[in-house]
*Asks:* 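One structure coming up, written as structure tokens, with questions to follow.
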Amino acid sequence: MEAESEFKEYYAKNMRGISGWFKARVYTIERWLYAAHRITGILIVLFVLAHFYSTGWHPGLWWDALLGIIVTFHTANGIRLILAELGFAVGKPLLIKKPSQRPVSIEGVQRYVVVFALVLFVVLAAIWAYYALVVQPMMG
Amino acid sequence: MRESTIMFLHYVTAILIVITGLIHLLANNDPVIGATIKANPVLYLGNMAIFLAALLYHAFNGVRVILIEMVPDRCWTKWISWAILIVGIVTYAVGLQVLMVALGFA
């Protein structure tokens, strides 16, 4: 009991701060997606503020493609987060009785949702890059 | 407002941003669809007004969540929430003005 309250207090105080975002080694891939979601979110806020300050400001050709990677990752992973929040494709909870059984969060439909989000990210980023690198220079 | 309501609105604005943001991107980057969208400037201004509101809510709430997580303190949470709300409303007012000028309404 003592150890449990100490454990809870440690996490309530958020002692790790920002470095805790990257404590991902013992978790599933979603932990990396979480860290990347926060970083891309902060980068998007920085871009949006610059874009507001000078209307229509853009970082330019290749940087626009990089901006596309940042934004489309945040979008694709955000769709995954909304699905998880609303309880879609989470899987039935499993009462673990044998060591061979693993929780649905590790071996369930969630794994496919992660793959779906990453594939969606690649497709959207490719479309964005096409517009940034091919269509925009033609428009002038 | 309850924290759960704030986060629910965070998800609602996320979906709004995907829709209105896509319209904004097509209007400025696709020669064919862009011309169709900009043919109706009033509707496009409405789209941008919704986009701006949703984007500011989502962005500032995201920053607020990170900030209150950094310092888990009731007083800090309260003050940072009010400060972010005021900064957000001011930014929206200024942003609407900029939009009106940029789209030729003022």
Side-chain angles (χ1 to χ4, degrees), chain A residues 8-21 34-35 37-49 51-56 58 64 67-68 71-72 74-86 120 124 127-140, chain B residues 4 7-8 10-19 21-22 24-35 48 51-52 54-74 76-77 84 87-88 90-103:
Chain A
K8 278 183 179 167
E9 196 182 349
Y10 176 80
Y11 279 98
K13 281 181 182 166
N14 191 15
M15 301 290 269
R16 283 181 187 274
I18 292 174
S19 70
W21 300 358
Y34 155 77
H37 199 78
R38 289 216 151 168
I39 291 169
T40 51
I42 293 167
L43 290 175
I44 291 168
V45 170
L46 293 179
F47 162 72
V48 161
L49 290 180
H51 194 69
F52 283 175
Y53 182 71
S54 171
T55 318
H58 266 267
D64 268 351
L67 176 71
V71 171
T72 52
H74 202 82
T75 308
N77 193 47
I79 289 170
R80 182 184 72 79
L81 290 176
I82 291 174
L83 289 177
E85 165 75 15
L86 298 178
L120 184 66
L124 291 177
I127 295 172
W128 186 306
Y130 172 72
Y131 272 96
L133 299 174
V134 180
V135 179
Q136 258 307 321
M138 280 199 300
M139 285 174 75
Chain B
S4 60
M7 286 320 283
F8 176 70
H10 197 74
Y11 295 114
V12 171
T13 52
I15 295 166
L16 279 177
I17 288 167
V18 171
I19 298 165
L22 183 66
H24 172 59
L25 285 174
L26 287 173
N28 288 317
N29 294 293
D30 193 291
V32 181
I33 307 173
M48 289 307 286
F51 182 42
L52 185 66
L55 189 65
L56 283 176
Y57 181 91
H58 198 84
F60 280 121
N61 188 48
V63 171
R64 187 188 73 94
V65 166
I66 291 174
L67 285 177
I68 65 179
E69 199 186 273
M70 286 298 107
V71 185
D73 176 79
R74 195 177 284 256
W76 164 263
T77 301
I84 292 262
V87 171
V90 170
T91 314
Y92 187 63
V94 175
L96 266 189
Q97 292 283 317
V98 173
L99 267 180
M100 301 274 275
V101 173
L103 294 174

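Within every chain, numbering begins at 1; the chains are lettered A, B, ... in the order of the sequence lines, protein sequences first and strands thereafter.
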*Asks:* For B/Val71, is it the side chain, the backbone, both, or neither that has a heavy atom closer than 4.5 Å to a heavy atom of chain A?
*Replies:*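 Nothing of B/Val71, per the 4.5 Å heavy-atom cut-off to chain A.
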
*Asks:* How long is the span from the CZ atom in B/Arg74 to the CD1 atom in B/Ile68, to the nearest 0.5 Å?
*Replies:* 12.0 Å

*Asks:* On the 0 to 90° scale, with breaks at 30° and 60°, tag the B/His24-B/Phe51 ring pair as parallel, tilted or perpendicular.
*Replies:*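 Tilted.
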
*Asks:* Pick whichever of B/Gly62, B/Pro31, B/Ala14, B/Ala102 has the most heavy-atom pairs under 4.5 Å with chain A.
*Replies:* B/Pro31

*Asks:* Could you measure the distance from the CG atom of B/Leu96 to the OG1 atom of B/Thr91? Nearest 0.5 Å is fine.
*Replies:*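 Atom-to-atom, B/Leu96:CG and B/Thr91:OG1 are 11.0 Å apart.
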
*Asks:* What part of A/Val71 gets closer than 4.5 Å to chain B, counting heavy atoms only: side chain, backbone, both or neither?
*Replies:* neither

*Asks:* Among B/Ile17, B/Val98, B/Asp30, who wins on heavy-atom pairs under 4.5 Å with chain A?
*Replies:* B/Asp30

*Asks:* Would you give the length of the straight line joining atom CG of B/Leu99 to atom CE of B/Met48, rounded to the nearest 0.5 angstrom?
*Replies:*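 With rounding to 0.5 Å, CG (B/Leu99) is 5.0 Å from CE (B/Met48).
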
*Asks:* Name the region of A/Ile18, side chain, backbone, both or neither, that has any atom closer than 4.5 Å to a heavy atom of chain B.
*Replies:* both

*Asks:* Got a sec, which residues hit ring-ring contact (aromatic ring centres under 6.0 Å, His included) with B/Phe60, two or more places apart in sequence or on another chain?
*Replies:*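 Listed in chain order: nothing, the list is empty.
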
*Asks:* Quick check on the interface: out of B/Val65, B/Leu25, B/Ile66, B/Asn28, who has the most heavy-atom pairs with chain A under 4.5 Å?
*Replies:* B/Ile66

